[in-house]
J.: 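Handing you a structure now.
Keep in mind that this is a model prediction, so the values were computed, not measured.
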Amino acid sequence: MKICQVEGTLVATARIPGLLNRRLLVVKERGSSAKQVAVDPVGCKPGDWVIAVGSSAARDAAGSKDFPSDLTIVGILDYWDDPAGRAAQKVVANAD
């Protein structure tokens, strides 16, 4: 599993049929400047810190062993204590 931050949405109009209508997001792994593409079955938005899985776990998490994914988001992080002294927190606003 990897901790990544969502950078933005990737728009690809020409896709293979196996991707269905799944959203694709650009993510950056914590501590790295390299960007990757992840399938988003959970509904993330830019700025969210997420947990992502790769390899065969990514295909399973996307819904099928036949799904063509190398990286799939499996959860949105609300908070964690980073050993480096930084904390990531998702602020949830009340809608009163």
J.: Are Leu25 and Ile73 packed together at the side-chain level, in the sense that at least one heavy-atom pair is separated by less than 4.5 angstrom?
T.: yes

J.: Just by distance, do the side chain of Gln5 and the backbone of Gly47 share a donor-acceptor pair under 3.5 Å?
T.: yes

J.: Distance from Gln36 atom CD to Asp70 atom CG, nearest 0.5 Å?
T.: 9.0 Å

J.: Please find the pair of heavy atoms, one from Met1 and one from Val53, that lie closest to each other, and give the distance.
T.: CG-CG1, 3.5 Å

J.: Among Leu71, Leu10, Val27, whose side-chain contact (heavy atoms from CB on, under 4.5 Å) with Val37 holds?
T.: Leu10

J.: Check whether Arg30 reaches the backbone of Trp49 with its side chain - one donor and one acceptor, N or O, closer than 3.5 Å.
T.: no

J.: To the nearest 0.5 Å, how far apart are NZ in Lys2 and NZ in Lys28?
T.: 14.5 Å

J.: Hey, does Val74 have a side-chain heavy atom less than 4.5 Å from the side chain of Val42?
T.: no

J.: Determine whether Glu29 and Lys35 make a side-chain contact, defined as any pair of heavy atoms from C-beta on separated by less than 4.5 Å.
T.: no

J.: Do you reckon Val11 sits in the same ILVMFWY cluster as Val26, going by side-chain contacts under 4.5 Å, direct or chained?
T.: no

J.: Please examine the side chains of Val50 and Ile3, heavy atoms only from C-beta on, and report whether any two atoms are closer than 4.5 Å.
T.: no

J.: Provide the closest heavy-atom pair for Pro46 versus Gly8 in the form atom of the first, atom of the second, distance.
T.: CG-CA, 4.0 Å

